[in-house]
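Note that the structure is a prediction, hence the values are computed from the model and not measured. Letters go in sequence order (proteins before strands), and every chain restarts at 1. Basis for what follows: all heavy atoms, side chains included, without hydrogens, waters or symmetry-related copies.
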Number of protein chains: 2
Amino acid sequence: MTESESATVDLEIIVQGTQEGKKQELRLWLRMLSTTKLISQEIRRRLRNEFGATLPQFDLMAQLYRERDGLRLGELSKRTMVTNGNVTGLVERLETDGLVLRATPDGDRRVTVAKLTARGETLFSAMAAAHEGWLRDMMADVDPAIISELWQDIGAVKSSVSNHLSGADFD
Amino acid sequence: MTESESATVDLEIIVQGTQEGKKQELRLWLRMLSTTKLISQEIRRRLRNEFGATLPQFDLMAQLYRERDGLRLGELSKRTMVTNGNVTGLVERLETDGLVLRATPDGDRRVTVAKLTARGETLFSAMAAAHEGWLRDMMADVDPAIISELWQDIGAVKSSVSNHLSGADFD
DNA sequence: GAGCAACATTTGAAATGTCAAAGGTTTGCC
DNA sequence: GGCAAACCTTTGACATTTCAAATGTTGCTC
């Protein structure tokens with residue numbers, strides 16, 4: 001934005017501040033939310049149909065795939081943004097399906113570490129490849145430059161939100 | 001690394017360490033998802049603490065607030081992007097709390113119409129005002145121009161996604 | 001006017017989600 | 001040594017979520 005445009009911009013800001021512009025954030029949020037829901041539902045449907053897996057299971061396995069030595073449940077909880085109690089159940093079901101193993105390390109018996117089994121790794125590998133393709137397809141009509149820009153700008157939003165949380169949510 | 005000091009957890013780890021060019025869409029998706037989760041959790045916490053309400057209840061009431069004559073459950077389902085079966089339970093609980101009323105119109109007895117009660121309208125009105133403020137606060141660090149741009153560009157993403165769904169479902 | 005397809009909602013099973021409280025373990029400190 | 005605080009996970013109650021099947025209604029056709 002050049003300085004030569006500043007007069008126009010000032011006018012726009014005044015108008016925005018007094019009228020329409022008040023709900024920009026709300027409008028953005030609603031669009032983010034509906035878009036995210038739309039994509040989530042599509043991914044969930046495909047994971048189910050093609051792999052018999054759920055989205056939370058996929059998310060959890062993604063974290064374990066990145067840490068081949070396994071992760072403590074609390075760490076899994078943080079990375080997946082899922083509550084502790086929820087992680088317990090998720091891992092439990094994945095263990096029943098033979099995709100994940102649970103173990104308690106010798107050093108600290110408070111801890112449970114979850115780890116992908118060989119079968120889990122194989123399955124996730126296939127799911128991840130498909131998953132990436134689905135996203136490319138879904139966003140096929142969007143200019144790559146826009147995608148990159150969105151990644152940046154949403155990062156700014158995420159930062160701002162992180163700095164304005166009410167709950168005891170800092171470390 | 002500015003984000004790393006917050007409690008924000010990156011689901012973006014999946015992409016880490018791979019080549020730059022190829023996974024833009026995946027990278028964007030993961031950031032959208034984690035940001036949306038972050039904001040949702042904050043709003044849910046505040047709705048709970050300050051109004052004793054849940055986020056899906058808020059969403060549903062928002063639709064009814066815009067249509068004072070009420071909406072059929074199927075229409076509510078579409079607008080909130082929630083399945084039919086889910087709407088049944090949500091409306092049921094809201095009715096128990098005296099915030100919503102259910103009625104069957106004379107013309108068509110297949111239909112159930114849900115409508116806000118006076119108490120529901122009052123409560124939602126207060127929640128909506130607070131909700132809007134929370135979003136403004138959370139996004140306070142983001143340039144208004146960026147917010148507007150994001151709204152536009154996410155619209156493009158939503159459009160693209162809508163045109164590439166597998167389930168026969170687009171409008 | 002009987003039957004059938006289309007429509008709208010509910011129901012039921014299974015999974016995910018939150019929160020708060022309870023259960024073990026470890027650590028630090030006197 | 002012993003105790004209390006801190007830590008990690010599980011449990012339990014309840015709300016939300018999906019899907020598929022069942023239920024009830026309407027409208028159309030023959």
Arg93(B) CZ - dA13(D) P separation (whole Å): 17 Å
Distance-only donor-acceptor check, side chains Arg66(A) and Gln63(A), under 3.5 Å: no
Rounded distance in Å - CG (Asp59(B)) to C1' (dA15(D)): 14 Å
Side chain of Pro56(B) (C-beta onward), nearest among dT18(C), dT26(C), dT17(D): dT17(D)
Sugar-phosphate only, base, or nothing, as touched by Gly85(A) at under 4.0 Å among non-hydrogen atoms: base
Phosphate OP1/OP2 of dT10(C) contacted by Arg102(B) side-chain N/O (<4.0 Å): yes
Among dT11(C), dT10(C), dA6(C), the one nearest Leu73(B) by side-chain distance: dT10(C)
Under-4.0 Å side-chain N/O to phosphate OP1/OP2 contact, Gln57(A) with dA15(C): no
Sugar-phosphate, base or nothing in reach of Asp108(B), heavy atoms under 4.0 Å: sugar-phosphate
Nucleotide dT17(D), atom C1' - distance to CG of Leu47(A) in whole Å: 16 Å
Length of the CG-P vector between Leu76(B) and dT16(D), whole Å: 14 Å
Contact under 4.0 Å: Arg109(A) side-chain N or O vs dT25(C) OP1/OP2: yes
Separation of atom CG in Leu38(B) from atom C1' in dG17(C), rounded to whole Å: 16 Å
For atom CG of Asn84(A) and atom P of dA6(D), their distance in whole Å: 18 Å
Touch class at under 4.0 angstrom, heavy-atom based, for Val82(A) against every strand present: sugar-phosphate
Sugar-phosphate only, base, or nothing, as touched by Asn86(A) at under 4.0 Å among non-hydrogen atoms: base
Sugar-phosphate, base or nothing in reach of Thr112(A), heavy atoms under 4.0 Å: sugar-phosphate
Distance in Å, Leu38(A) CG paired with Leu165(B) CG, rounded so as to fall on 0.5 Å steps: 5.5 Å
Phosphate OP1/OP2 of dT16(D) contacted by Thr54(B) side-chain N/O (<4.0 Å): yes
Touch class at under 4.0 angstrom, heavy-atom based, for Thr83(A) against every strand present: base
Side-chain N,O (Arg45(A)) to OP1/OP2 (dT18(D)) below 4.0 Å: no
Separation of dT26(D) P from Arg72(B) CZ (nearest whole Å): 12 Å
5' priority, DNA chain C, between Gly107(A) and Leu90(A) [closest heavy atom]: Leu90(A)
Nucleotide dG17(C), atom P - distance to CZ of Arg48(B) in whole Å: 17 Å
Minimum heavy-atom distance between Met81(A) and Lys37(B), given as atom pair plus value: CE-CB, 3.7 Å
Main-chain N/O of Val111(A) paired to Arg72(A) side chain as donor or acceptor, under 3.5 Å: no
Closest contact, heavy atoms only, Ile39(A) versus Met138(A): CG2-CE, 4.1 Å
Residue that, paired with Ser77(A), satisfies side chain to side chain contact (heavy atoms under 4.5 Å, CB included) out of Asn86(A), Leu90(A), Leu71(A), Asn84(A): Asn84(A)
